[in-house]
Each structure stands twice: as structure tokens, then as C-alpha cells.
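Each remark here refers to the structure printed beneath this line.
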Amino acid sequence: MGHALNTILQDILTRWKRMLGYKVLWLPGTDHAGIATQNVVEKQLANEGINRHQIGRNAFIKRVWTWKAEYGGKIIHQLKSLGASCDWSRERFTLDEGLSKAVKEVFVRLYEEGLIYRDNRLINWCSRCNTALSDLEVEHEELEGKLTYIKYPLTTPVPPLSKGRYITVATTRPETMLGDTAVAVHPDDERYKEFIGKTIALPLTKRTIPIISDYTVDPSFGTGALKVTPAHDFNDEAMAKRQNPPLEFITVIGSDGRMTVNAGDRYAGLDRFDCRKLVLEDLKKLNLIEKEEAYKHAVGHCYRCKTITEPLLTLQWYVNVQSMAKDAVRVVKEGKIKIFPNSWENTYYGWMENIQDWCISRQIWWGHRIPVWYCQKMQNETCKEKNGIIVSRDTPHACPYCGSEKLIQDEDVLDTWFSSALWPFSTLGWPDETDDLKTFYPTSVLVTGFDIIFFWVARMIMMGLKFMKDVPFRDVYIHALVRDIKGQKMSKSKGNVIDPLIMIDKYGTDAFRFTLAAFAAQGRDIKFSENRVEGYRHFVNKLWNAARFIMINSEIQNPKSKIILSLPSKWILSRLASTVDDVNNALEEYRFNDAANSIYQFIWHEFCDWYLEMAKTEIQTSEGDSGVRWCLLYTLDASLRILHPFMPFVTEELWQKIKNHSSAVNSQQKKIEDSIMISDYPRSLQRDYMAEKDMSYIIDAVNGIRNIRGELNISPSLKLNALVKTFSTTGEKILSENLQYIKDITRTDKLDIGMHVEKPECSATSVKSSMEIYVPLKGVLNIETEIDRLNKDKEKIEESLEFLNKKLFNEDFLKKAPVEVVEKEKTKYNELMNIKAKIIESLKILKNMEVNK
RNA sequence: GGGCGGAUAGCUCAGUUGGGAGAGCGCAGCCCUUACAAGGCUGAGGUCACAGGUUCGAGCCCUGUUCCGCCUACCA
């Protein structure tokens with residue numbers, strides 16, 4: 001559903017701008033989703049009882065390509081089902097030759113600038129996927145765990161002992177104690193000061209570890225003493241490196257999630273969680289467990305397979321992103337990139353300002369292999385200096401330093417997001433200077449979900465600025481997350497996933513698209529409800545029937561004579577103009593829901609409910625060359641074009657059908673073979689405020705008669721006599737001129753229009769088959785209610801003024817009250833006087849207008 | 001720990017410089033009126049989470065509270 005929403009919004013923008021006459025490129029494609037894809041294919045292999053190592057790297061990659069061909073095709077099929085009007089001839093894939101070339105180019109350039117480096121440090125590791133993960137690829141989840149207090153015996157008892165012969169530490173991961181290389185306390189902690197520098201006999205091992213001091217230890221947490229496991233904890237790693245001399249790193253958990261030989265014979269080979277149990281048992285036997293507490297804490301999980309990640313000491317490639325991140329923040333702050341809704345900007349800054357270097361190597365096979373080779377010989381000094389590392393765009397045949405031909409390429413591949421980050425320019429031919437780049441870079445807009453702001457958006461901005469010297473896109477529209485009707489995230493395990501293709505089968509693509517667009521309010525998640533789709537399917541049907549009616553009744557018999565427009569026709573054209581403005585303005589600001597609702601309101605409740613009904617009168621009473629036929633076709637044609645970006649299929653179908661009609665009345669129409677998707681999008685049509693105001697009398701009269709009918713339960717089939725009285729001379733004139741419309745729509749036999757000399761108290765009376773109604777002035781420019789409202793405001797203000805007046809002329813008050821209070825009251829008084837003056841002025845203008853009418 | 005968002009009709013949600021509380025669905029009543037019963041017309045239903053404040057005037061601005069959701073983080 002997220003992808004569907006994403007696609008639909010982009011397609012709306014694409015079709016809209018294309019119809020407005022812009023040269024629009026919407027380039028489709030997919031990334032290779034390294035870890036996820038590899039996992040899927042590995043599962044396939046597992047079902048066959050084999051693993052990737054048995055078939056080897058090349059054969060494995062071949063299998064993934066087969067899988068990719070199938071599922072990549074499915075994705076494209078889904079896009080097309082949604083009506084996505086991409087340029088399919090330009091479809092790209094991150095592992096394409098061109099994009100791979102860009103990846104290598106970027107890697108080499110960043111390496112040469114010193115921004116890509118290799119380092120041996122702790123990194124989040126997924127033991128199931130058997131690869132390193134970036135910080136972003138680790139999801140933290142609160143889990144109920146246990147905080148275990150373990151007693152560590154001192155080797156050198158210090159008299160007088162405040163806490164016996166032990167120091168107690170608290171941990172959530174007891175198995176890591178096998179890799180402890182120190183116990184740390186805060187240097188100012190009185191309880192432990194005397195122990196600093198002493199040693200401890202680490203239980204279950206033969207090792208002795210020191211007690212050290214470090215300022216980051218929180219004396220209030222646990223016992224105030226911290227076990228230090230540099231090889232399996234990020235804090236401890238930093239602490240170990242701070243110490244002089246640095247603490248030893250002892251890796252006790254391996255890349256497979258099992259204990260290493262360093263853990264000792266008893267534990268080596270055990271799964272890390274089994275080992276935890278055994279360690280606890282053993283400690284209990286030795287009576288070294290002081291207590292256990294329930295404890296909630298965040299645990300990292302692999303974002304692809306949900307396995308608990310493990311900090312592991314490994315050699316990986318990193319990108320130093322510090323300076324790029326600063327640039328990326330700057331362009332947003334300067335407004336060169338605008339984020340909609342802008343509330344996401346803070347989130348963006350927050351992350352970018354605390355960004356860590358990006359680990360880009362992955363120990364999998366599906367992806368861009370790192371363009372690094374290692375010299376196996378290292379025969380001279382230069383070669384040794386460089387650690388035998390050769391970074392190259394092309395496969396080298398010999399070591400450039402020592403000439404050895406024994407080279408081995410790095411086994412790892414790059415993080416998928418590394419190649420995705422280049423997408424805005426790699427897909428347009430970079431590093432070559434292509435015409436496409438000149439034409440389409442920077443792009444106008446990126447539409448995406450918030451979940452990949454950091455994975456993708458931020459990195460595209462960094463890379464775009466770095467290599468194109470310009471932003472990759474000017475606007476970023478962050479769309480909502482599509483949830484189920486209860487507001488839960490859709491997931492396979494919950495079974496609440498809704499398949500867009502099923503919605504499309506059931507309700508049609510147009511209704512489905514319109515629903516998501518109408519739901520897409522900024523800054524709010526979408527709770528998807530199926531009955532809303534059903535409602536919009538009705539809308540499609542309504543449109544279809546309206547078009548049918550118009551085609552039946554709009555055969556142009558005599559198009560030569562000039563067009564004379566009735567009041568309803570002028571009115572609907574003005575309403576159309578208003579809608580066109582609303583829609584264009586809304587889309588300009590990515591308010592898809594406002595645009596959709598505005599069109600819906602216009603077509604159903606103005607065009608169909610009112611204009612089509614009134615058109616019937618005119619069709620019956622007028623000749624074939626009446627303006628109404630032209631206006632029906634014109635409005636339908638324009639409506640279809642406004643609606644097209646939202647509902648491409650039904651609008652195209654209807655537009656093709658009415659083209660014969662409309663081309664007869666509209667010389668600007670394109671040729672028969674043209675498609676609505678390249679017709680002109682309506683913009684800036686002429687409003688007719690007078691017609692809108694005049695029409696409001698008719699609407700009020702009709703509504704008045706209908707209300708009485710409805711309230712008094714008079715059957716619609718019963719024809720009756722009515723007297724409509726109005727307070728204004730204009731009203732009387734308009735109603736009299738348009739009597740027949742009102743009679744037809746309200747099914748009245750005899751309709752009289754009269755004047756009220758004064759505004760009557762009651763609005764309607766009815767005696768069996770006749771009624772009398774008063775038509776109040778509603779709608780645009782309603783002068784009377786405006787006068788009423790202003791009068792009320794004036795009264796209120798006068799009350800306040802009177803009150804203040806008394807205060808300000810009260811000598812007691814003036815003497816006792818502090819100067820600033822008096823001043824404040826005076827200012828208030830003056831403000832109110834100003835407001836009053838403005839109101840009086842407005843009232844004068846309004847009264848004049850009414851008299852002139 | 002830090003940050004963000006939400007609370008409006010039975011349900012799903014709009015409400016853009018503070019001035020009329022709205023839509024769709026659902027519900028009730030009437031209607032097969034020659035585009036449409038997947039429809040038309042009419043109606044019922046809301047102390048806009050709670051408490052204060054600013055303002056002539058607050059769903060909207062400010063402060064606090066409660067509940068829900070999310071993002072982020074190396075809290076042993």
C-alpha cells in the first residue's frame with residue numbers, strides 16, 4: 001500500500017505537469033535490495049537442502065538474477081496496473097552497467113580524497129545474515145530482560161573492606177563476562193576509590209583483570225561498578241581505547257553467534273544464548289550471583305531478519321560523511337531543498353548533525369563488489385605502506401606498487417544504499433556529461449515515505465552535492481504511512497496487509513487512486529478503509545452517467561449561431577474556474593487531498609446535482625443551438641481534464657467518447673487521435689462573481705421549498721403551488737427571470753415570486769398544497785448577514801468600551817493602579833476604538849452596496 | 001534519555017494568517033422524477049480530550065495535564 005500511495009502521488013504530479021506543458025521525466029526502476037534479496041534466495045536454497053557456499057559465488061549470483069527477473073517484472077506490472085505513466089524505455093536497475101560504473105567512480109574518488117577508509121572496530125553484526133550492518137540497519141526494540149548482579153572476587157583484599165571480598169557488577173548480558181578485560185568505576189565514587197588499580201579474578205576464566213576509573217561510569221546505575229567488555233559493547237570499546245595503555249580486546253562471540261575458543265573449553269562452540277544460561281548456572285553454583293532484577297532495555301535487531309545483532313570487532317570499509325552531512329544540512333536550511341511537510345526538517349537536522357561514519361561493506365554476494373584488490377606479495381616499501389590495497393575503476397592485472405600479479409579482490413559488496421544514493425544522477429548517465437543530466441538534473445521532486453529519509457533521501461543529498469555540485473531535487477514530499485483501519489502498521493505477521501491489486505480488481509484503479517489521493521493529508525498517517533474506496537467507485541459511476549446524459553442530450557444541431565449563456569451556465573463556468581484554481585494551487589503545495597476533494601465536490605455536488613438538473617429545463621425549452629449544450633460539453637470536457645491525473649482510465653475513456661461533440665464546439669481541441677493525457681490542463685479561467693451571487697437566490701429558493709416539503713413530509717410526486725418572497729429587489733428580479741428552473745426542480749405547478757417589505761420573522765408557511773417561503777440572502781457576498789454580524793461585534797465592543805471608559809475616568813483607579821496597568825488599559829481602549837471605527841466604516845460600505853443593488 | 005505527531009459527528013478523517021463546525025460512510029424518513037436506486041431529496045447526531053491563559057472573539061495561538069502513536073539513542 002505504501003508503494004501504491006507513492007506511485008499514485010508521483011503519477012498525479014507527473015500527469016498534471018505534463019498536461020500543463022512541461023517536459024516531464026518520471027524514470028522508473030528498482031534497486032537490488034542486497035541483504036533482503038540474498039535472504040530470499042538463500043531460503044530457496046535451504047528448501048532444496050543446500051547453501052550458497054556449496055554452489056559457489058557465481059552460481060549463486062546467477063540464481064539471484066533469475067529471481068530478480070521474475071520479481072522485478074512483478075514490480076513493473078504493479079506499477080503499470082496503478083496507471084503509472086513512467087517513461088518505460090528508461091527503466092533502470094542499480095546493478096545495470098551504467099549505474100555500476102557510477103558506483104565504482106564514486107568509490108574511487110571518495111577513496112582518493114581520503115573519505116573512504118578501512119578500519120577494524122566494533123560494528124553491528126547480524127549472525128544470521130552473516131554480515132555487518134550500518135547503524136540505520138539496526139532496529140531497536142524494548143525488551144523485557146534481566147539485570148543480573150554478579151560478584152567478582154578481588155584477588156588482593158583491601159582492608160578495611162566496605163563490601164566484603166567482592167565487587168558486584170550488573171549486566172544484561174552475562175555471557176559477555178567471559179570477554180571482560182576490566183571493571184570500571186567512577187573516579188570520584190567514594191565507595192570504590194580504594195579499589196582503583198587493584199585486580200579481580202574473573203570467574204569462570206583463568207584471567208585476572210584490573211579495576212579502572214572512567215568518567216562515563218554512572219555511579220547511580222546498578223552498583224556503580226561496570227564490567228568492561230571492549231570487544232562486545234560500543235561504550236566499553238570507547239572506554240578501552242581511552243585508557244592508557246588501552247585495554248585488551250577479547251572476542252568471545254564469533255560471527256556465527258557462537259562462542260569462540262577465547263570463551264574457554266567449557267563454552268566454546270555454544271550458541272550465545274545457550275551460553276548465557278550455562279554461565280548463569282555456573283555462577284549460581286559458585287554462589288556468585290547476588291540478585292536478578294527484571295529490566296526493560298532496548299535490544300538491536302537486524303532490520304531484514306529480526307535477529308538480535310551483536311557488536312563485533314571486524315575490518316570494514318567506512319565513508320567519512322561529516323563534511324558531506326554539513327553541506328546536506330546547509331542546503332535545507334537555505335531552502336534550496338524544501339521538505340513537505342516541513343515538520344520533517346527537524347528530524348532530518350537531528351540525524352544529520354549526529355551522524356556517524358557510514359559502514360558500507362557487507363559480507364554478502366548480491367551487490368556491487370567493492371572495487372578493491374589486495375596485493376598478496378607486497379614486495380616493496382610503497383606496497384607495504386599502502387597495506388597492499390589497490391583501489392581501481394578497472395580490474396588491475398598487476399600490483400601498481402610492486403608489480404606482483406598475485407592480486408585478490410575484496411570479497412565484500414557495498415551497501416545497497418550506496419548505489420541508491422547515486423540514483424538521481426547515475427540513472428542519467430553520470431559520470432559522462434550527458435544531455436539528460438543537463439536537462440533533468442537537479443530533479444524537481446522526490447516523493448517518498450519517511451522511513452527512508454535517512455537511508456536514502458539524506459544520502460542522495462550528500463552524494464548529489466558532492467558529485468554534481470548541486471542538490472538532487474528541489475522538493476521532497478514525505479507521504480504518510482498507510483496503516484490498517486485500526487491504525488496498525490501493515491505486516492505479514494499480523495495478517496492485516498491489503499494488496500493494492502486486489503483493491504484494483506474489486507473497485508477499479510481509478511477509485512483506488514482517488515481514495516489514496518483524497519486520504520493523503522500532510523503530516524498524518526493514513527488509516528485505510530475499504531468503504532471509502534467503495535464511495536469513490538460510486539463517484540466514477542456518477543461521472544460515467546453524467547457523461548452519458550450529456551452525450552444523449554448534446555448533439556449539436558446548429559453550431560453556427562453565437563452562444564448565449566443562461567444564468568446557470570454562467571454559474572457553472574464560474575464554479576469550474578474556482579475549482580480549477582483550487583486544484584492547481586493545492587497541487588502546487590502537494591495538498592493532494594484538497595485537490596481531490598475540490599474536484600469531487602465540484603463534479604458531484606455542483607455540476608451533477610445542480611447544473612445537470614437545471615440543464616434539463618433548458619434542453620426542453622430551447623432550440624438545438626442553445627448555449628446549454630455547448631456549456632454541458634465544455635464543462636464535462638474540462639472536468640475530465642482536471643480529474644485526469646487522479647483517475648486516468650475513466651477520464652480517457654469518456655474523453656475519447658465526447659471528443660466528437662466537444663471538437664465541434666471548441667476549436668482549441670486537439671486532433672481525434674490525441675489522448676487526454678497530452679491535452680491541456682485547465683488553468684486560470686474567468687470567474688463570474690455576479691453569476692455566483694445571482695445563482696445563490698435560485699439555490700436558496702429551491703432549498704427553501706425542498707426543506708418545507710421534507711419537513712412537512714409532502715410527497716415529491718404531489719405538485720403544489722408556492723409563493724417565494726424575498727427581501728431584495730435583485731432577488732425578486734433573478735427569481736422571476738429564472739422561474740422555470742425552480743418550478744422544474746422542485747416540481748411546483750404554480751410559482752409566484754413576491755417581495756417582503758420588511759424582513760419577516762418566520763421563514764415559511766404551508767397549507768396543504770401551497771406554501772410561502774422567505775428566501776434569505778445566503779452565499780457569496782451576503783451583505784445582510786455581514787451587516788448583522790458586524791452590528792453584533794459593534795455592540796460587544798461598545799460594551800467593553802463602556803466598561804473601560806468607567807475605569808479610566810475613575811479617579812480611584814487612576815491613583816491606585818500601577819502606571820503600566822493604566823497604560824495597558826489605555827492602549828486597549830484605543831485599539832477598541834480603532835476596531836469600532838473600522839466596523840462603522842465597513843457597515844457604511846455594505847449599506848451603500850445594498851442600496852445601490 | 002532526546003525529539004515529533006495525534007485527540008473534532010457512531011466510524012474514517014478535512015478544517016492554510018483566529019470571526020459561519022464540515023465531508024464520506026453509517027443511521028432515520030420520503031421517492032423507481034425520461035444520466036445515475038452504485039441514485040435523488042430531507043433529517044437526526046458534536047460542551048472540537050481535560051484545565052487554565054491571551055483576545056472584542058479560540059477547533060485554530062500560549063501554558064499545564066491525561067491518553068494514544070511514531071522517530072531517535074552505544075542507558076551497563
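In what follows, chains are A, B, ... by sequence order, proteins preceding strands, each numbered from 1.
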**OP:** Please test A:E613 against A:Y741 for side-chain hydrogen bond (donor to acceptor under 3.5 Å, both in side chains), starting from the C-alpha separation and ending with a verdict.
**Re:** CA-CA 9 Å; A:E613 290 307 318; A:Y741 295 114; over 6 Å; no
**OP:** Applying ring pair (Phe, Tyr, Trp, His ring centres under 6.0 Å), run through A:Y318 and A:W358 and close with a yes or a no.
**Re:** CA-CA 5 Å; A:Y318 294 86; A:W358 174 17; over 10 Å; no
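When distances run from any side-chain atom of A:D233 to the nucleotides B:rA73, B:rC36, B:rA76, the shortest one goes to B:rA76. Between B:rU42, B:rA38, B:rG40, one nucleotide has an atom nearer to the side chain of A:N703 than all others, and that is B:rU42. Checking B:rA73, B:rA76, B:rA35 against every side-chain atom of A:L226, the shortest atom distance belongs to B:rA76. Out of B:rA35, B:rU16, B:rA38, the shortest distance to the side chain of A:R591 is found at B:rU16. Listed nucleotides B:rU16, B:rA35, B:rC41 differ in distance to A:C608; the shortest reach to its side chain belongs to B:rA35. Taking every side-chain heavy atom of A:F221 into account, B:rA76 is the closest of B:rA76, B:rC36, B:rC41.
Atom CG in A:D451 sits about 12 Å away from atom C1' in B:rC70, given to the nearest Å. B:rC71 atom P lies 15 Å from atom CH2 of A:W351, rounded to whole Å. The separation between A:I619 atom CD1 and B:rA35 atom C1' is 10 Å, rounded to whole Å. One can place NE2 of A:H140 at 14 Å from C1' of B:rG2, the figure rounded to the nearest angstrom. Separating the CD1 atom of A:I212 from the P atom of B:rA76 is a distance of 18 Å, rounded to the nearest angstrom. Taking atom CD of A:E141 as the reference point, atom P of B:rU72 lies 13 Å away to the nearest angstrom. Rounding to whole angstrom units, CD1 of residue A:I167 and C1' of B:rA76 are separated by 15 Å. Atom C1' of nucleotide B:rA76 and atom OH of A:Y192 are separated by 13 Å, given to the nearest angstrom.
One finds no salt bridge joining A:E237 and A:R121 here, because no Lys/Arg side-chain nitrogen approaches an Asp/Glu carboxylate oxygen to under 4.0 Å. Note on A:D214 versus A:R242: salt bridge recorded, some NZ/NE/NH1/NH2 to OD/OE distance being below 4.0 Å.
Residue A:D236 is classed as having no contact, given no heavy-atom separation below 4.0 Å to the nucleic acid. Using a 4.0 Å heavy-atom criterion, one finds that A:L122 contacts no nucleic acid atom at all. Residue contacts shown for A:R173 are absent, as no nucleic acid heavy atom lies under 4.0 Å away. In this structure, A:E613 reaches the bases: a heavy-atom distance under 4.0 Å links it to at least one base atom across the strands shown. Nucleic acid contact for A:V228: none, since no nucleic acid atom lies under 4.0 Å from a heavy atom of the residue.
If you look at A:F592 and A:Y477, their ring centroids are closer than 6.0 Å.
A cation-pi geometry, defined here as NZ or CZ lying under 6.0 Å from the six-membered ring centre and within 45° of its normal, does not hold between A:K146 and A:Y295. Taking the centre and axis of the six-membered ring of A:F519, the NZ or CZ atom of A:R532 falls inside the cone set by 45° and 6.0 Å.
Taking atom C1' on both B:rA9 and B:rA14, the two are 13 Å apart, rounded to the nearest angstrom. Rounded to a whole angstrom, the distance from the C1' atom of B:rU33 to that of B:rG26 is 26 Å. Between B:rG15 and B:rA23, the two C1' atoms lie 10 Å apart (nearest whole Å). Nucleotides B:rU47 and B:rG10, compared at atom P, are 8 Å apart to the nearest Å. Separation of the P atoms belonging to B:rA28 and B:rA44 is 16 Å when rounded to the nearest angstrom. Look at the C1' atom in both B:rC60 and B:rU54: the space between them is 14 Å, to the nearest Å. Nucleotides B:rC25 and B:rG18 place their C1' atoms 31 Å apart, quoted to the nearest Å. Atom C1' of B:rG29 sits at a distance of 50 Å from the matching atom of B:rC71, rounded to the whole Å.
With a 3.5 Å limit on both pairing distances and Watson-Crick or G-U wobble geometry required, the stems of 3 or more pairs in RNA chain B span B:1-7 with B:66-72, B:10-13 with B:22-25, B:27-31 with B:39-43, B:49-53 with B:61-65.
Scanning for side chain to side chain donor-acceptor pair (under 3.5 Å) contacts around A:K296 gives an empty result, with sequence neighbours left out. Residues meeting the side chain to side chain donor-acceptor pair (under 3.5 Å) test with A:K338, sequence neighbours left out: none. A:N584 pairs by the side chain to side chain donor-acceptor pair (under 3.5 Å) definition with A:W16, not counting sequence neighbours.
Contact check, A:K616 against B:rU33: no side-chain N or O comes under 4.0 Å of OP1 or OP2.
Between A:L283 and A:I150, some side-chain heavy-atom pair lies under the 4.5 Å cut-off. A heavy-atom distance below 4.5 Å is not found between the side chains of A:P219 and A:Y192.
Note on ring orientation: taking the six-membered ring where Trp is involved, the planes of A:Y536 and A:Y600 are perpendicular (angle over 60°, cut-offs 30° and 60°).
The only option from A:L226, A:V228, A:I167, A:L202 that meets the side-chain contact (heavy atoms from CB on, under 4.5 Å) definition with A:V183 turns out to be A:I167.
Taking the nucleotide of RNA chain B with the nearest heavy atom to each of A:F454 and A:F539, the more 5' of the two is matched to A:F539. Summary of the strand contacts: A:T172 and A:V138 both lie near RNA chain B, and taking for each the nucleotide with the nearest heavy atom, the more 5' one is attributed to A:V138.
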Enumerate the protein-to-nucleotides 21-28 of chain B contacts in which both atoms are nitrogen or oxygen and the separation is below 3.5 Å.
{"unit_1": "B:rG24", "atom_1": "OP1", "unit_2": "A:H605", "atom_2": "NE2", "d": "3.4"}
{"unit_1": "B:rC25", "atom_1": "O2'", "unit_2": "A:N531", "atom_2": "ND2", "d": "3.2"}

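Residues from residues 294-303 of chain A placing a heavy atom under 4.0 Å of any atom in RNA chain B, listed by number, are A:Y295, A:H297.
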